[in-house]
Amino acid sequence: MNLYRFLQASICEICADLAADGLLPADLDLGRITVEPPRDPSHGDVATNAALVLAGPAGRKPRMLATMLAERLLATDGVATVEVAGPGFINLRLTAAFWYARLAEILHAGVAYGDSTLGGGEPVNVEHVSANPTGPLHVGHGRGAVVGDALGALLEKAGFAVTREYYVNDAGAQVDKLARAVYWRYLCALGESIADGVAERYAAQSPPEYGGDYLIAVGESLVASHGDSLVGLDEGNWLATVREAAVAAMMALIAEDLKALGMVFDVISSERALVEDGAVEMTLSRLQERDLIYTGVLEPPKGKLPDDWEPRPQTLFRSTAFGDDVDRPLRKSDGSWTYFASDIAYHLDKHRRGFRVLIDVWGADHGGYVKRMQSAVRAISEGRAELDVKLCQMVNLLDAGQPIKMSKRAGTFITLREVLDRVGRDVFRFIMLTRRNDAPLDFDFEKVTEQSRENPVFYVQYAHARCHSVIRHAEGEFGAEAVTDAALAAADLALLTDPAELDLIKAMAAWPRLVEGAAEAHEPHRIAFYLQDLAGLFHLLWTKGKDDAQLRFVTIADRPLTLARMALVRAIQTVLASGLKVIGVEAVEELR
RNA sequence: GCGCCCGUAGCUCAGUGGAUAGAGCGUCGGCCUCCGGAGCCGAAGGUCGCAGGUUCGAAUCCUGCCGGGCGCGCCA
């Protein structure tokens, strides 16, 4: 349970009671009341601003109102002390029994601890990765993938009905360029079976923009499937065939990368399919009916002009009517749709599938696109849907503090797969969440793989493994049957009296609120930060046991105390596992 | 020039309107030899970029500056 929400409800009840007794106005707005942990722990376990926000509307002095509320709060179950502080804060301390009940709750819930009904089953669509199918994923894609996947898991834990979706941009100019590069590889693969210089001449006339070796195999497979039948044809006669094969091959490549990340998508949407279904025309005609599309000439961008700027009438979407800075073009000069046009159709498609909450995870270089897409979503949903875009900043690869220089041309480009092969999925996923999505992130191969306290992945996984180790130790001393879930559920938790033990219980009791807050803010990195904090508290208590034998988890001479502490350790292990599950990192029982 | 993101301790960064702004690293001063190992305690260190505003209360919201990143019609 979210104890802060629980106490907030209690406070609201008290206000209702006071109103019924004629001591407060009946129609007070209780919405601004917050219940939260005080920043300074010496102020107690929980603080509320209720008296401060109600004082004005109720026509009372804050401290007087606080005193009135405090009196009744003291009678609330689980509340040990209440004091009025500062301008009118009410500080609460909760009883030990309340905290022990939280511990029991964790043991009972298992990794489901922290699950919330906040979302109420509301459908949420999280679109992420959505890399062009033109090559293997790079590290930046990997960051977006992790952010999106963890955000999805977080929202699920908070009670939303999440769909994870990948949008394949398989209709634009980029995939045509890919097809040409593959065609060149195809000519090369035919080698001596065709006339000399055919491949060279093609490359000279149409320099491949995708030069990666990963296209060699695609060219070879075209030879296997089509022989030399594509040679000598006009582009129009082979482009579709080659493009289809190339996109399929690239999607297979990307699927492998995603599999290496341990990632699964619920829906994969194709831009080409949308376009071929006429979804773009349909979408735009709806907007046309509402007079949101017109032909006009855009003002040139202020400041330095693009070299080839010339005023030109274009088909424009009236995005300024929905918060954008300028209206945006929908059609290219060759008559085809802009990416924006098909993306509007795609977002309408998502909305029509029942989503009012849309989340897109993009690279920060697409930041200039956010407003127009949000405008479009407002327009096509007629204000019923809202788009949140999470922009992911750059990942800087380093080795022992030295930046790794990457160049596609020089062939020193490091793919996501290479990183995963080197450090493993768990390390990558965790590190990607050790910064907010909108902050640049340094990824140092040396640091993220070392087994030290400075490495957060190791630090958290070690805490989890250490929990298992401690419990194994207790099993060795008391027998496996002594520390079963049933036995721990029956332990006398009141024996946990050390402040460090209570701190740990309180930290775990904060987990449900953290999940809800992170879910509402769409900020999965908070999970990783929380796990580091919790692991730190556990390591701290463990270390205290080195100096003070009284605090050791396993005390052979005191079975009841050991059992109580095993309950604590099991709970810590459970909450760590619960958080690791959200970010998709394995909760290991042993470190190798 | 315009838009978006960012600016918090020496460094890297947390902090969804609450009280005396936190953590890790680094620095300084003490300890420490292990339930499974990469350690513990303490100290110093801040006009939260600057200036206004809203509020009982602002690192947080609004406005304007300053500095950095990204983007700026027919790429995605």
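Just so we're on the same page: letters track the sequence lines, and every chain starts at 1. These values consider heavy atoms only, across backbone and side chains, with no hydrogens, waters or symmetry-generated copies.
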J.: Is the Tyr459(A)-Phe430(A) ring centre distance short of 6.0 angstrom?
T.: no

J.: Which part of the nucleic acid does Thr543(A) contact within heavy-atom distance under 4.0 Å: base, sugar-phosphate only, or nothing?
T.: sugar-phosphate

J.: Write down the distance between CE (Met373(A)) and C1' (G71(B)), rounded to a whole number of angstrom.
T.: 17 Å

J.: Let me know the distance between CZ of Arg328(A) and C1' of C2(B), rounded to the nearest Å.
T.: 10 Å

J.: Could you spell out the base pairing of RNA chain B in dot-bracket, with Watson-Crick or G-U pairs whose two distances are under 3.5 Å, [ ] crossing and | to another strand?
T.: (((((((..((((....[...)))).(((((.......))))).....(((((..]....))))))))))))....

J.: Is the base of A38(B) touched by the side chain of Asn455(A) through a donor-acceptor pair closer than 3.5 angstrom?
T.: no

J.: Would you tell me whether Asp324(A) and Ser319(A) have side-chain atoms, one donor and one acceptor, within less than 3.5 Å of each other?
T.: yes

J.: Rounded to whole Å, how long is the line connecting atom CZ of Arg372(A) with atom P of C72(B)?
T.: 9 Å

J.: Between Lys371(A) and C5(B), is there a contact of a side-chain N or O with OP1 or OP2 at under 4.0 Å?
T.: no

J.: To the closest 0.5 Å, what do you measure between CG (Leu391(A)) and CG (Asn437(A))?
T.: 7.5 Å

J.: List for me each residue that meets salt bridge (charged side-chain N to carboxylate O under 4.0 Å, His left out) alongside Asp360(A), sequence neighbours excluded, and say none if there are none.
T.: Lys350(A)

J.: My understanding is that only residues two or more places apart in sequence, or in another chain, count here; which of them pass salt bridge (charged side-chain N to carboxylate O under 4.0 Å, His left out) with Glu276(A)?
T.: Arg272(A)

J.: State which of G73(B), A38(B), A19(B) makes the closest approach to the side chain of Phe458(A).
T.: A38(B)

J.: Between P on C35(B) and NE2 on His473(A), what's the gap in Å once rounded to a whole number?
T.: 9 Å

J.: Would you call the rings of Phe317(A) and Phe322(A) parallel, tilted or perpendicular, taking 30° and 60° as the class edges?
T.: parallel

J.: Sequence neighbours excluded, which residues qualify as side-chain contact (heavy atoms from CB on, under 4.5 Å) partners of Ala510(A)?
T.: none

J.: Pull out every protein N or O sitting under 3.5 Å from an N or O of nucleotides 62-70 of chain B, one pair per line with the distance.
T.:
{"residue": "C70(B)", "atom": "O2'", "partner": "Ala364(A)", "partner atom": "O", "Å": "3.2"}

J.: Would a distance-only check, ignoring hydrogens and angles, find a side-chain to backbone donor-acceptor pair under 3.5 Å from Thr48(A) to Thr34(A)?
T.: yes

J.: Is the ring centre of Tyr339(A) under 5.5 Å from the base ring centre of C75(B), and are the two planes under 30° apart, so that they stack?
T.: no

J.: Counting any heavy atom closer than 4.0 Å, what does Leu540(A) reach on the DNA or RNA strands: base, sugar-phosphate only, or nothing?
T.: sugar-phosphate

J.: Would you mind telling me which of Val139(A), Asn396(A), Thr434(A), Val423(A) makes a side chain to side chain contact (heavy atoms under 4.5 Å, CB included) with Phe443(A)?
T.: Val423(A)

J.: Nucleotides 10-17 of chain B: which of its N/O atoms have a protein N/O under 3.5 Å away?
T.:
{"residue": "U12(B)", "atom": "O2'", "partner": "Arg435(A)", "partner atom": "NH2", "Å": "2.3"}
{"residue": "C13(B)", "atom": "OP1", "partner": "Arg435(A)", "partner atom": "NE", "Å": "3.4"}
{"residue": "A14(B)", "atom": "OP1", "partner": "Arg436(A)", "partner atom": "N", "Å": "3.1"}
{"residue": "G15(B)", "atom": "OP1", "partner": "His525(A)", "partner atom": "NE2", "Å": "2.9"}
{"residue": "U16(B)", "atom": "OP1", "partner": "Arg526(A)", "partner atom": "NH2", "Å": "3.3"}
{"residue": "U16(B)", "atom": "O4", "partner": "Arg513(A)", "partner atom": "NH2", "Å": "3.1"}

J.: Check whether any side-chain N or O of Ser336(A) sits under 3.5 Å from a backbone N or O of Lys332(A) as a donor-acceptor pair, and report yes or no.
T.: no

J.: What is the distance from CG of Leu330(A) to P of A76(B), rounded to the nearest Å?
T.: 13 Å

J.: Would you mind checking if Arg180(A) and Glu209(A) are paired as a salt bridge, meaning a charged N to carboxylate O distance below 4.0 Å?
T.: no

J.: Hey, which of these two, Leu591(A) or Lys544(A), hits RNA chain B nearer its 5' end, going by closest nucleotide?
T.: Leu591(A)

